[in-house]
Amino acid sequence: MDLIELSDVSFIYPDGTQALTDIDLSVRAGERVAVLGANGAGKSTLFQLFNGLLHPERGIVTVKGRVVEKAYLKEVRRMIGMVFQDPDDQLFSSTVRQEIAYGLLNLRLAGNQLEQTISGALQVVGLPGYENKSPFNLSGGEKKRVALASVLAMRPEVLVLDEPTAALDPLGAAKIIKLLNGINRELGITLVFATHDVDVVPLLAGRVYVMDKGEIKLSGPTAEVFARKDLIRAHNLRLPRVAHLAELLERDGQCRFPSFPLTIGQAKKALLERIAEKEAGTE
Ligand SMILES: Nc1ncnc2c1ncn2[C@@H]1O[C@H](COP(=O)(O)OP(=O)(O)OP(=O)(O)O)[C@@H](O)[C@H]1O
Ligand SMILES: [Mg+2]
């Protein structure tokens, strides 16, 4: 059974903006799924349908096979941890401790267990000792991490992250990618994230949905989606930088690739293979 499934879903904002049209999407347990799209493609709108913050105009949203409706919302929101694009939409407490404690108190955590869960979550996102700070005085990247810590502390089954690396510095983004992959691998938490950053996708997703103008235009395993480079470009996106470099090398006849590398690691492997072939005189 799919954890999250949308079938034939459309959504129109009250001002008449058609934000989503005929969306079919499914997320299976343990997957890492990217929703990739340019600004205004409909990613954030889509995510708000997952946990009933918005309701479809047409079509059906189910979580674990049950339609997301009022009587199911509490359970759905417990299963799906949502980290918003803008942390200011998420953070509301006067201290970081209270922010993270809020959901945990509802789970009846108290005393030492509560404090340890809070400090553990802050440790994981790289903000140890931030308990007494005000979330509103933090930098954009720090706010983002506090929002993630508060959701992670609840141990959701699915982590839905809207632009998890936007507003983070390069090292911070790399750490979050590593952290999220670790959470997926070691805790089995399913990941769904939205991004317009094509370089992040191969590092963090096994499967990709490409959105444009409220529609899903392309989907499939990450390597297959990026192999459709004309379609990627037609939808206001680009190839990951290393794939673009490989494309230029191939175009200029300098190097041939069976498939374009998408990450630095893949590029290094592919280039070393080409060098070895050249040295062995097989090319
Ligand atoms: N509250 C709203 N009322 C009316 N239109 C809205 C509202 N929120 C979003 N939209 C419109 O819906 C469309 C999709 O917006 P959405 O925020 O889902 O895009 P996105 O893919 O998340 O973009 P970004 O990458 O900039 O975050 C856009 O055309 C946007 O202008
Ligand atoms: Mg958005």
Side-chain angles (χ1 to χ4, degrees), residues 4-27 32-61 68 76-77 80-92 140-141 143-148 150-151 158-169 172-173 176-177 180 191-205 207-220 222 225-226 231-241:
I4 300 173
E5 186 168 20
L6 274 70
S7 76
D8 210 15
V9 163
S10 296
F11 178 83
I12 303 171
Y13 279 108
D15 71 353
T17 305
Q18 173 97 32
L20 300 173
T21 308
D22 300 338
I23 301 284
D24 288 310
L25 172 143
S26 63
V27 177
R32 297 172 308 146
V33 176
V35 176
L36 174 63
N39 291 140
K43 306 179 296 293
S44 297
T45 306
L46 176 74
F47 280 11
Q48 291 174 70
L49 289 163
F50 291 172
N51 68 353
L53 288 169
L54 297 176
H55 301 283
E57 202 73 32
R58 209 160 55 81
I60 287 180
V61 180
V68 176
V76 164
R77 290 179 186 168
I80 299 179
M82 179 94 62
V83 181
F84 292 113
Q85 178 164 5
D86 182 354
D88 288 329
D89 289 340
Q90 186 139 8
L91 305 173
F92 58 91
K143 284 182 186 175
K144 197 117 195 170
R145 292 185 218 193
V146 168
L148 176 60
S150 70
V151 172
V158 189
L159 203 48
V160 174
L161 307 123
D162 199 348
E163 308 276 1
T165 56
L168 295 186
D169 57 48
I176 288 292
I177 291 169
L180 294 173
L191 299 181
V192 187
F193 68 99
T195 190
H196 54 258
D197 187 343
V198 288
D199 288 302
V200 167
V201 173
L203 299 171
L204 193 55
R207 210 155 59 80
V208 186
Y209 287 93
V210 176
M211 281 189 82
D212 192 16
K213 299 182 185 70
E215 293 178 33
I216 288 171
K217 302 289 189 180
L218 180 62
S219 66
T222 305
V225 163
F226 283 116
L231 266 183
I232 292 281
R233 286 179 173 130
H235 296 301
N236 303 313
L237 296 163
R238 61 166 176 80
L239 291 183
R241 286 190 199 284

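Atoms within a ligand are numbered from 1 in the order they appear, just like the ligands themselves.
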Pair Arg238 + Asp199, salt bridge at N-O below 4.0 Å
yes
At under 4.0 Å between heavy atoms, is it the side chain or the backbone of Thr17 that contacts ligand 1, or both, or neither?
side chain
Under the 4.0 Å line, does any protein heavy atom show up next to atom 30 (C) of ligand 1?
no
Among Val192, Leu161, Val160, which one satisfies side chain to side chain contact (heavy atoms under 4.5 Å, CB included) with Met82?
Val160
Please confirm whether Gly37 approaches ligand 1 to less than 4.0 Å, judged on its heavy atoms.
no
Flag Ala19 as yes when one of its N or O atoms lies below 3.5 Å from any N or O atom of ligand 1, and as no otherwise.
no
Within the 3.5 Å criterion, strictly below it, is a donor on Ser7 or Asp24 matched to an acceptor on the partner's side chain?
no
Quick one: look up the protein heavy atom nearest atom 26 (O) of ligand 1 and list residue, atom name and how far away it is.
Asn39 ND2, 3.0 Å
From the options Gln85, His196, Lys43, Lys213, select the one whose nearest heavy atom is closest to atom 25 (O) of ligand 1.
Lys43
One residue to check: Glu163. Relative to ligand 1, which of side chain, backbone, both or neither has a non-hydrogen atom less than 4.0 Å away?
side chain
Hey, is the Mg ion (ligand 2) within less than 2.8 Å of some N/O/S atom on Asn39?
no
Measuring to protein heavy atoms, does anything land under 4.0 Å from atom 22 (O) of ligand 1?
yes
Can you tell me if an N/O/S atom from Gln85 lies under 2.8 Å from the Mg ion (ligand 2)?
yes
State whether the number of non-hydrogen atoms from other residues, nucleotides or ligands found under 6.0 Å of Leu53 atom CG is greater than 12.
yes
Is it the case that the side chain of Lys43 and the backbone of Ala38 share a donor-acceptor pair, with hydrogens and angles ignored and the cut-off at 3.5 Å?
yes
Per-residue contact class, Thr45 against ligand 1 - non-hydrogen pairs under 4.0 Å:
both
In the protein, what heavy atom is nearest to atom 28 (C) of ligand 1, and what distance, to one decimal place, separates them?
Gly40 O, 3.8 Å
Heavy-atom nearest neighbour in the protein, as seen from atom 17 (O) of ligand 1, with distance rounded to 0.1 Å
Ser44 CB, 3.8 Å
Under 3.5 Å, is there a donor on one side chain and an acceptor on the other for Glu57 and Ser10?
no
So does Lys213 pair up with Glu215, basic N to acidic O under 4.0 Å?
no
Less than 3.5 Å apart, any donor N or O on the side chain of Asp15 or Thr17 sitting next to an acceptor on the other?
yes
Donor-acceptor pair, Arg77 side chain versus Gly52 backbone, under 3.5 Å?
yes
Give me the nearest non-hydrogen protein atom to atom 9 (C) of ligand 1 as residue plus atom name, then the distance to 0.1 Å.
Tyr13 CE1, 3.4 Å
Identity and distance of the protein heavy atom lying nearest atom 19 (O) of ligand 1
Gly42 N, 3.3 Å
Report yes or no: does Gln90 contribute a side-chain atom to a donor-acceptor pair with the main-chain N or O of Asp86 at less than 3.5 Å?
no
